[in-house]
Amino acid sequence: MINIANKSLAILNSKAPYGTTAGKDALDIALIFGSFEQDVSLFFQGDGVWQLINSQDGEIISVRDYLKTFSAFEFYDIENIYVNKTSLTERNLTNNFHIKEVQVLSQSEFSKKLTSHQTVLRF
Amino acid sequence: MINIANKSLAILNSKAPYGTTAGKDALDIALIFGSFEQDVSLFFQGDGVWQLINSQDGEIISVRDYLKTFSAFEFYDIENIYVNKTSLTERNLTNNFHIKEVQVLSQSEFSKKLTSHQTVLRF
Amino acid sequence: MKKIAVIITTPPFSNLTVTALNYIETALNTGVEIIGVFFYQDAVLNASSHIRLANDEYQTTQQWLKLHNKYQLPLHLCVTAAEKRGLTDCNSVQLIANSFTISGLGELVELNNKADTVVQF
Amino acid sequence: MKKIAVIITTPPFSNLTVTALNYIETALNTGVEIIGVFFYQDAVLNASSHIRLANDEYQTTQQWLKLHNKYQLPLHLCVTAAEKRGLTDCNSVQLIANSFTISGLGELVELNNKADTVVQF
Amino acid sequence: MTTLHLVRQSAFNTNDFAQCIEIINDNDAIVLLDDGCYNLHHPLINNVINQNVPINVLAQHAVARAISIDESLFLQVSMNDLVSLTCNHDRVITWQ
Amino acid sequence: MTTLHLVRQSAFNTNDFAQCIEIINDNDAIVLLDDGCYNLHHPLINNVINQNVPINVLAQHAVARAISIDESLFLQVSMNDLVSLTCNHDRVITWQ
């Protein structure tokens, strides 16, 4: 087997932003992979889609609001951000996100894109 | 207000036995309350009902099998053990339990009995 | 005034613990008597004197200390749950913050009997 | 033979960690190369040298030590996750078992690139 | 003898809210807090509305999550109100 | 390019298995282990059966939980088999 120098990583976010540290822990991995110029993509499914919704403010509940760091994705060359349309619809949510680059995918597109990555980590 | 010398405690078990320590942590509380001659009842709802099912063997997966301690309930004067019938039915489970004293209650009876206790802790 | 006992089961870096702290502080400010807080399961980590959080994160452990000092709030640590998580005082090594009392589940029996209501967080 | 990297996120007293240990031991016994284990989130507690479990419970930390000694299995601890949970080495206090290497998330980048497959537990 | 139910988990993620609904009685009250606020978007909330049980929402927790509260159906409460609610009921059950 | 899905949670308790089913492709395989074994009792397992995806069950984990495995529908596997499965697929996604 040949080792691949830059294996693509998909991070699948499944948890809401404030109730657990999962979203923050996943973000830390994304930023490190970005800063090492690795190919990293972010996926949001289930309650993970809440991480992308506009007008949230964690400071009201004394959370250091890591969602604000999402605006630094461009700086880290993290350009592929995908959200599952079905998860949005189930939650009666519109495409009103706090960052610009989000791509809304149908379930089959979402699955196809996710499994085009060599490594998938889920938080 | 007058302090009540022996406030009744209901412990509501909602988790399967081995995947988390919730069942064991709840049992430890039940046994302490029992040993202090407190009025304690056990309730099983949702995946908590798996804790009562017969023929399990945690030792196969290297768990110290705390379910075996359930047979000591009589010794601790823990006599009220209630299981939610709806939770059993949803899981296609029969009344085949590893201890004898289990009372299967309908949803409304289960709710009524649970809320007849002064304190309810849920694990 | 009502007497409340609180059981905490969530770790210091969880926002659920911040909710519990806000509840307790609000209760104490409004004259409700919190007769004690019992730390069980992952909540025992709240008693660690070695937690290092980033400066801009909510400093949970300092907040417990503040409530303990200001209101003489009793903070009871379940010793079995603590030992399971590597939190022990032995020999020269002190890991548990002074504001916490090392207790067993028997303390929970007492809190339950003394309180009018027990609130689990 | 395939090269596998493993990420663990569950604490030592969780049966999910026992599953991960069994997987790793079985892989090593059958000649699969485990290039490293990365401990993240609550899994950092696996590295605590102060854990006290009842004798009849599965001794997770001893099992990690055994695999480390027998197979030179690299055990990488995420330092930020560890500090958040009170697990630090400072001055006279040593809390982290010797078999673990204190690492950052950069180590995960390396493991991901070196491994054929990453398995998360 | 009424019970206050504290709901702290999203029904999209776990089964806790569904189990709470199995237990809730006519004279009880419910508080949505923490991730429980997401249940305002979940179909199960209609079961509680139909039961005519008072549904309180911890306002700060909903606002932090950008969840709006329909005041014709739900009561916005503060932490002070939550303290009062826990004192005014016979027992508290926490669904988390 | 096939994916191995490790399912470690009960669908009666959390939404993880439902999310797994959203992602699973025709050539994938699934392993039920830990509390994922309870999904043999959950209606969602029929979705996977209908998709003709191989459903492996870690035998020890099911036996410990007193869950019987219908061998006409499911494959009983050992930890050795699980190691092979993780080596023979292009990637592993863990649903926990």
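Residue numbering restarts at 1 for every chain, and letters A, B, ... go by the order of the sequence lines.
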For the [atom1] atom on [X], are there more than 12 heavy atoms of other groups (residues, nucleotides or ligands in this structure) within a distance under 6.0 Å?
X       : atom1 : answer
E37(B)  : CD    : no
N69(D)  : CG    : yes
K112(B) : NZ    : no
E74(B)  : CD    : no

Chain B neighbours within residues 50-58 of chain D, where any heavy atom lies under 4.5 Å away: A54(D), D56(D), E57(D), Y58(D)
Heavy-atom closest pair, residues G19(B) and S14(D): O-OG, 4.2 Å
Chain D contact residues among residues 53-66 of chain B, heavy-atom distance under 4.5 Å: I61(B), S62(B), V63(B), R64(B)
